[in-house]
2 protein chains.
Amino acid sequence: MAGKQATLDAADAVQPDNGGSKSARTRQRILDAAAKVFREEGYAGARLADIAAAADTKAGSLYYYFASREALVEEVLDEGLDRAFGETRRRVDALSADTPTIDRLATAIRAHLETVLKLDNYTSASIRMLGHVPEPIRARHMKRQAVYGAYWRELLEAAGAAGELRDGLDLSAARMLLLGMLNWSPEWYRRGRLSPEEIADQAAAMALGGLRK
Amino acid sequence: MAGKQATLDAADAVQPDNGGSKSARTRQRILDAAAKVFREEGYAGARLADIAAAADTKAGSLYYYFASREALVEEVLDEGLDRAFGETRRRVDALSADTPTIDRLATAIRAHLETVLKLDNYTSASIRMLGHVPEPIRARHMKRQAVYGAYWRELLEAAGAAGELRDGLDLSAARMLLLGMLNWSPEWYRRGRLSPEEIADQAAAMALGGLRK
DNA sequence: GGTGTTTTCTAATTTGAATTAGAAAATACT
DNA sequence: AGTATTTTCTAATTCAAATTAGAAAACACC
């Protein structure tokens, strides 16, 4: 056996065994393939045989690394959340301490959306699949996701407390509508006329215009 | 056999055979149940046995009215689109001819979102399922949906031509982002603190604030 | 109240995909 | 080179649902 839960925290730079052993690399290759196929086909449409083919192996071999299809799904979901949250927080934290709250919000919007639009398979797959996954998996994931939701709530509340938001705005509704605007994008975005950055600019301008005083 | 394609246009008030015969009513009951279960469980999660139970019948009996699970899916998709488009156009058309284009847009936003949030099972199911449905069905539906997309494009272009929109706005991106804001709502909305109308107001204010000059 | 027709049910059957078992192949270690 | 260990493959097996067949029940019409 080789499988281990791969919790990709900052912590795993310590134990340099991730891209390390061949086994670990194969596991990663399968997970990457799963993310890709789940993003493209959705939860129901992705068969283990498709995932195996994308990872250049056979369906039966997946079980050497993952206990079940659902285990694979769950790990893709979690990794997708970690990537969106990680990238968003990283870019917001990189702002200087005196950055106005409204600009922090703009940065978060761009970071989240660019992560999705750059076809990060994990994040896109995670967003698309969550509502279609079996209940126990969804429940577990939503608990983890709540942390990211709280992060957005804080961003909005900080902007509100700084008096930068329009009067009459309901922060809960605004948060869900805003995240919806971003999260629906995997359904329509295809490489095309506008780059991810350009679309992210449009989204940030649109959202801030709608939120700010 | 009783099945017929039930294209619910305004036209079918003419032939008064829809809520009419018992057979037609049973068929409708099954379709309603399917819409409900598809909305709740998603495309993959909804089993024919669930749909049958919700329609107070047995799985085998569904085949008397529908050729297959996919036929049922497709009819729910189409009906959902018709309802959203129908309600939106109806409310926009009810505006007086001299209504500013920006207010037409606001009305469309409210109409579309209220249709979804009032838990219209067909519309919500349609929005949620589209990306997860087998390719031939999706392709056919997208062709029909393009008409509704064009309707939104026209609303936006009219507002743009009237000089009511912000400079630098990309209308295609704005349209997808706006519809995303609305279409993601079935993923999070639950009867709760805010009514559909209140949320629709928030969405309209937010969207217009982001779009208008 | 009997006969034909429509509708519904139950009990197979089919299908498609996940999963498991166990043999083979590759790899690592001495 | 020889043995043990890890990894992968193929070929069942299992499982969950959709679908079909055909018997029963309900209904309509005479």
Side-chain angles (χ1 to χ4, degrees), chain A residues 1-4 6 17-34 37-38 40-77 129 132-137, chain B residues 1-4 6 17-34 37-38 40-77 129 132-137:
Chain A
M1 94 202 69
K4 281 269 190 145
D17 183 351
N18 210 277
S21 65
K22 171 138 174 283
S23 181
R25 269 180 289 116
T26 302
R27 188 180 196 281
Q28 191 62 47
R29 184 159 41 80
I30 291 170
L31 206 52
D32 289 349
V37 176
F38 279 128
E40 289 171 350
E41 309 296 336
Y43 172 70
R47 287 164 303 171
L48 286 188
D50 299 335
I51 293 172
D56 195 30
T57 181
K58 298 299 164 66
S61 307
L62 303 183
Y63 287 85
Y64 185 73
Y65 296 97
F66 298 91
S68 66
R69 183 177 190 270
E70 298 199 347
L72 205 42
V73 168
E74 193 153 5
E75 209 164 316
V76 170
L77 283 178
M129 283 197 297
H132 297 260
V133 127
E135 181 47 30
I137 296 181
Chain B
M1 92 200 76
K4 282 272 190 142
D17 184 351
N18 210 277
S21 65
K22 170 138 174 286
S23 181
R25 270 181 289 117
T26 302
R27 187 180 197 281
Q28 192 62 48
R29 184 159 42 81
I30 292 169
L31 207 51
D32 288 349
V37 176
F38 279 129
E40 290 171 350
E41 309 296 336
Y43 172 71
R47 286 164 305 170
L48 286 187
D50 299 335
I51 293 172
D56 195 30
T57 180
K58 298 299 163 67
S61 307
L62 302 183
Y63 288 85
Y64 185 72
Y65 296 97
F66 299 91
S68 67
R69 183 176 190 270
E70 299 200 347
L72 204 43
V73 167
E74 192 153 5
E75 209 165 317
V76 169
L77 283 179
M129 283 196 298
H132 297 261
V133 127
E135 181 47 31
I137 296 181

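The sequence lines fix the lettering, A, B, ..., with proteins before strands; numbering per chain opens at 1. Keep in mind that the numbers below use all heavy atoms, side chains included, and drop hydrogens, waters and symmetry copies. The model shown is predicted, which means the values in this text are computed figures rather than measured ones.
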Q: Please determine whether a side-chain nitrogen of the Lys or Arg among Asp50(A) and Arg47(A) lies less than 4.0 Å from a carboxylate oxygen of the Asp or Glu.
A: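 Looking at Arg47(A) together with Asp50(A), the answer is yes, because their closest N to O distance falls below 4.0 Å.
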Q: Over all heavy atoms of both residues, which pair between Tyr43(A) and Arg69(A) is shortest? Give the atoms and the distance, please.
A: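 Scanning both residues completely, I find the closest heavy atoms to be O-NH2, 2.6 Å.
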Q: Expressed in angstrom and rounded to an integer, what is the separation of Glu70(B) atom CD from dT19(D) atom P?
A: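 Roughly 7 Å, once rounded to whole Å.
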Q: Quickly work out the Leu72(A) CG to dA18(C) P distance and round it to whole Å.
A: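 The distance from CG of Leu72(A) to P of dA18(C) comes to 11 Å, rounded to the nearest Å.
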Q: Taking OP1 and OP2 of dT7(C), is either one under 4.0 Å from a side-chain nitrogen or oxygen of Ser23(B)?
A: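 Checking Ser23(B) against dT7(C): at least one side-chain N or O falls below 4.0 Å of OP1 or OP2.
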Q: Using atom CZ of Arg69(A) as one end and atom C1' of dA16(D) as the other, report the distance to the nearest whole Å.
A: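 Going from Arg69(A) (CZ) to dA16(D) (C1'), I get 13 Å.
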Q: With side-chain contact (heavy atoms from CB on, under 4.5 Å) as the test, would you mind laying out the steps for Tyr65(B) and Leu31(B) before giving the verdict?
A: CA-CA 10 Å; Tyr65(B) 296 97; Leu31(B) 207 51; over 6 Å; no
Q: Can you name the closest pair of heavy atoms from Ala34(A) and Val76(A) and give their distance?
A: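 Between these two residues, the closest heavy atoms are CB-CG2, 4.1 Å.
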Q: Output the rounded distance in Å from CG (Leu62(A)) to P (dT20(C)).
A: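 For the pair Leu62(A) CG and dT20(C) P, the rounded distance is 13 Å.
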Q: Send over the distance from Phe66(A) CZ to dT20(C) C1', rounded to a whole Å.
A: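 One finds 18 Å between C1' of dT20(C) and CZ of Phe66(A), rounded.
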Q: Roughly, in whole Å, what's the span from OH in Tyr63(A) to P in dT19(C)?
A: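 So the OH-P distance, Tyr63(A) to dT19(C), works out to 3 Å.
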Q: Taking only N/O atoms, report every protein-nucleotides 8-15 of chain C pair under 3.5 Å with atom names and distance.
A:
residue	atom	partner	partner atom	Å
dT8(C)	OP2	Tyr65(B)	OH	2.8
dC9(C)	OP2	Thr57(B)	OG1	2.5
dC9(C)	OP2	Lys58(B)	N	3.3
dC9(C)	OP2	Ser61(B)	OG	3.0
dT10(C)	OP2	Lys58(B)	NZ	3.0

Q: Of all heavy-atom pairs between Ala59(A) and Ala52(A), which one has the smallest distance, and what is that distance?
A: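 Scanning both residues completely, I find the closest heavy atoms to be N-CB, 3.4 Å.
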Q: Roughly how many Å is it from CZ in Arg25(A) to C1' in dT6(D), rounded to a whole number?
A: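 Going from Arg25(A) (CZ) to dT6(D) (C1'), I get 15 Å.
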Q: To the nearest Å, how far apart are Arg27(B) CZ and dT6(C) P?
A: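 It is 17 Å, rounded to the nearest whole Å.
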Q: Shortest non-hydrogen contact from Ile137(A) to Glu74(A)?
A: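 Smallest interatomic distance, heavy atoms only, reads CG1-OE1, 4.0 Å.
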